[in-house]
> 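This is the structure, below, for whatever I ask next.
Within every chain, numbering begins at 1; the chains are lettered A, B, ... in the order of the sequence lines, protein sequences first and strands thereafter.
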There are 2 protein chains.
Amino acid sequence: MPETPRRAVGIAANRYGNRPTMKDVAARAGVGLKTVSRVVNGEPGVTPETERRVQEAIDALGFRRNDSARVLRKGRTATVGLVLEDLADPFYGPLSRAVEEVARAHGALLINGSSAEDPDREQELALALCARRVDGLVVIPAGDDHRYLEPEIRAGVATVFVDRPAGRIDADCVLSDNFGGARAGVAHLVAHGHRRIGFIGDMPRIHTAAERLRGYRAAMEDAGIAVEDAWTSLGATDPWRVRRAAEQMLSGPSPVTAVFSGNNRVTVTVIRVLAEQSRAVALVAFDDLELADLLQPGVTVVAQDAAAIGRTAADRLFRQLDGTQIAPERIELPTRLITRGSGELPPAD
Amino acid sequence: MPETPRRAVGIAANRYGNRPTMKDVAARAGVGLKTVSRVVNGEPGVTPETERRVQEAIDALGFRRNDSARVLRKGRTATVGLVLEDLADPFYGPLSRAVEEVARAHGALLINGSSAEDPDREQELALALCARRVDGLVVIPAGDDHRYLEPEIRAGVATVFVDRPAGRIDADCVLSDNFGGARAGVAHLVAHGHRRIGFIGDMPRIHTAAERLRGYRAAMEDAGIAVEDAWTSLGATDPWRVRRAAEQMLSGPSPVTAVFSGNNRVTVTVIRVLAEQSRAVALVAFDDLELADLLQPGVTVVAQDAAAIGRTAADRLFRQLDGTQIAPERIELPTRLITRGSGELPPAD
DNA sequence: CCCGCATCTGACAACGTTGTCCAGGCCCTA
DNA sequence: TAGGGCCTGGACAACGTTGTCAGATGCGGG
């Protein structure tokens, strides 16, 4: 006996509200089940006349193929997952959009979720996506241990890490040249005469933050400058901690004359603080900002191309899915220094 | 005979790469299929000892439940779809994020896609999501006829429209008070002495654009000002067309002394153009911008709360899903005028 | 010692689709 | 007209899970 009672309206009742199935369409059109399937999927071997009848029944009933069943049968979901850090972050919008465009070109949909920078949540999310049998996964890591994905990857889930490398597993990843970008940005300040340069960035356990810090240190070392502890602030990312950090390095015994800002969220606060200072403080910021050129002075930035990163990652993902067995690779995309004024200010001691 | 050959390694080969199923786990643990299901789902009625054995087998095999099959059986996907216009638009990031947060609180995942402002693509996307049997759909309409969703809604797909109302069907929608916001913004300019005020907005077939235009006209009428054709530009949204439109209304026989900008993409270009003018032109913009307060002068805006809109819509969606039969409703959220300087400039004739 | 009851376990069907395979009808040729 | 090949259509199983239901086991009481 069926669990769900049937209604006598010509459509079998089921759990999806009350949806017609191929069986219903077949009954109405007076053909076999498989014939409906053929029509729905545009397979050959159906007379125009039969096809018309089936199409009519489909329209009349408002039939829509149940992709869950289809997926179960076929084993491919035509869906890729994107685990990112925060969709509201302006850096991830274009990235996500780029991944979506590539997915769309391959006929796939995109499921995404935010980890909110929490490793546990990242794992939970990634595994939930795997349980839905996404064909592939683009992950912007929050944690630094991704061994939990090993069984999935072995089972055939294509995986690409973005923005930060994978932790403790060997996998494709697409990154910006954080080290080189930061080094070039700081070198730019040095070239304009600065020696006391501050760095405000995120926690060094985040790869990008660590690399940018390394770039800062390298540039300072290249210039033969000893970095004082008071010049670097790590882990401050919320507005008021950034503010305090900036104010401290601007007012200590050897105050900085220039600041290198480690990411866009930090930058907006730093700009505010610098605008309040009586003397002009130079600024170079990692990540571009929409209106950076309209500020006084324009903000000199080390820009990454979020869309290119997303596109590259997604391409890589689908190349994995196309079956070309390729060894995991680490792709580093160059950054671009855009001078707009703030980075060219001379030191004001 | 099975279509797919089985391998003699203790795991049945299947189409998902090579994944263990409950059957495999059951065989390894020496228990029945249903017992595994019970353990996986935390159902009661399993001895601790049995549970341990099953858990062990799960870990050893790296089993992960196949949600496709589960969905097929249960009829609920715990997934909601979001059809938006462009994820790269800074307005939609926070909105999407808010929807995701609410979904997460209800244990659901979010699939999203961009319509790129194309009605056909919106429909294609929405129907694809329905074919995957999302439980609910949040749609930011690109088109103005949504009757194609009628069968879906009847079949039980919860649906909420956001930012713009649904076309030709009766459904929940959550909007900003575009008319009131624009009217207040323009009235603000009038209050500061302006009479020749320009409006640059999107195509009026887009509801928000039409409403904001209506708000502009209402405010002008309230002030007893006859609007000249040359003062309004509709449909220009790409940078150089906006630029041309702005330059034209600033240089005609009766040049405007203030501009009301209809959305954030228009605004960034308008700001650039105004900065190039020799005389000061006042500006009020619909939609807030990240660095609006740091520009010279700060940009006065009519702000909508994207996160609140997304949250409200998602709440509404899950209320529909919770089965409370509620009549479709149109919810309008207020906007907020934030004065920062640009809107308070006096007319410079 | 046997019965009744509670607790735990497993066999089986069903979800809606697609792949395989076969049946029947048609046309063409010899 | 018989035989062969082709084209169309349909019956059936399988995908991996969960709900139903009945069987097995153990325990206590009469």
> To the nearest Å, how far apart are B:Asn66 CG and D:dG16 C1'?
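After rounding, the reported distance stands at 6 Å.
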> Determine: side-chain N/O of B:Arg65 to OP1/OP2 of D:dT18, distance under 4.0 Å, yes or no.
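For D:dT18, OP1/OP2 do have a side-chain N/O of B:Arg65 under 4.0 Å.
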> To the nearest angstrom, how far is B:Lys34 atom NZ from C:dT7 atom P?
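After rounding, the gap between these two atoms is 18 Å.
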> For C:dT9, does OP1 or OP2 lie under 4.0 Å from any side-chain N or O of B:Thr35?
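False: B:Thr35 side-chain N/O out of range (4.0 Å or more) of C:dT9 OP1/OP2.
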> If I take atom CG in residue A:Leu33 and atom P in nucleotide C:dT18, what distance separates them, rounded to the nearest angstrom?
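Taking CG of A:Leu33 and P of C:dT18, I get 9 Å after rounding.
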> Compare the minimum distances between each of C:dG10, C:dC15, D:dG19 and the side chain of B:Leu72, then state the nucleotide with the smallest one.
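Selected nucleotide: C:dC15.
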> What is the distance, rounded to the nearest whole Å, between atom CG of B:Asp24 and atom P of D:dG16?
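In whole Å, D:dG16 P and B:Asp24 CG are 8 Å from each other.
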> For residues B:His146 and B:Glu122, is any side-chain donor paired with an opposing acceptor at under 3.5 Å?
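Judged by distance alone, the side chains do pair up.
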> Atom CZ of B:Arg133 and atom C1' of C:dT17: how far apart are they, to the nearest Å?
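So the two atoms are 11 Å apart, to the nearest Å.
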> Can you give me the closest heavy-atom contact between B:Tyr92 and B:Glu85, atom names plus distance?
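Scanning both residues completely, I find the closest heavy atoms to be CE1-OE1, 3.4 Å.
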> Please determine whether a side-chain nitrogen or oxygen atom of A:Ser37 lies at a distance below 4.0 Å from atom OP1 or OP2 of C:dT17.
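Result: no.
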> Between the base of C:dT18 and the side chain of A:Arg73, is there a donor-acceptor distance below 3.5 Å?
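In this structure, the two groups form a donor-acceptor pair.
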> Testing the 3.5 Å rule here: is there a donor-acceptor pair between the side chains of B:Asp135 and B:Thr77?
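Judged by distance alone, the side chains do pair up.
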> Looking at A:Arg97 and A:Glu101, does any basic side-chain N land under 4.0 Å from a carboxylate oxygen?
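Counted as a salt bridge, because a side-chain N and a carboxylate O are separated by less than 4.0 Å.
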> Drop me the distance from B:Cys173's SG to B:Ile140's CD1, to the nearest 0.5 angstrom.
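The SG atom of B:Cys173 sits 12.5 Å away from the CD1 atom of B:Ile140.
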> Enter the inter-axis angle for the ends of the helix from C:dC1-D:dG30 to C:dA30-D:dT1 (five pairs per end, rounded to 10°).
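Taking five pairs per end, the axes differ by 60°.
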> Tell me every residue that passes side chain to side chain donor-acceptor pair (under 3.5 Å) with A:Glu51, counting only those two or more places apart in sequence or in another chain.
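By the side chain to side chain donor-acceptor pair (under 3.5 Å) rule, A:Glu51 matches no residue at all.
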> Looking at CG of A:Leu175 and CD1 of A:Ile309, how far apart are the two atoms once the value is rounded to the nearest 0.5 Å?
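CD1 of A:Ile309 is found 8.0 Å from CG of A:Leu175.
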> Check the pair B:Arg64, A:Glu152 against side chain to side chain contact (heavy atoms under 4.5 Å, CB included), reporting the backbone distance first and the verdict last.
CA-CA 9 Å; B:Arg64 196 95 54 209; A:Glu152 312 301 328; 2.3 Å; yes
> What is the distance, rounded to the nearest whole Å, between atom CE of B:Met22 and atom P of C:dG10?
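In whole Å, C:dG10 P and B:Met22 CE are 14 Å from each other.
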> Measure from NZ on A:Lys74 to P on C:dT20 and round the result to the nearest Å.
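So the NZ-P distance, A:Lys74 to C:dT20, works out to 11 Å.
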> At less than 3.5 Å, do the side-chain atoms of B:Lys23 and the base atoms of D:dG16 form a donor-acceptor pair?
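Donor-acceptor pair under 3.5 Å: no.
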> How about B:Thr79 and A:Arg132: does a side-chain donor come under 3.5 Å of a side-chain acceptor?
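Yes.
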> For DNA chain C, which residues of residues 38-57 of chain A approach it to below 4.0 angstrom with any heavy atom?
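Residues of residues 38-57 of chain A that come under 4.0 Å of DNA chain C are, in numerical order, A:Asn41, A:Glu43.
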> Please report the distance, rounded to the nearest Å, between CZ in A:Arg19 and P in C:dT17.
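Those two atoms, CZ and P, are 10 Å apart.
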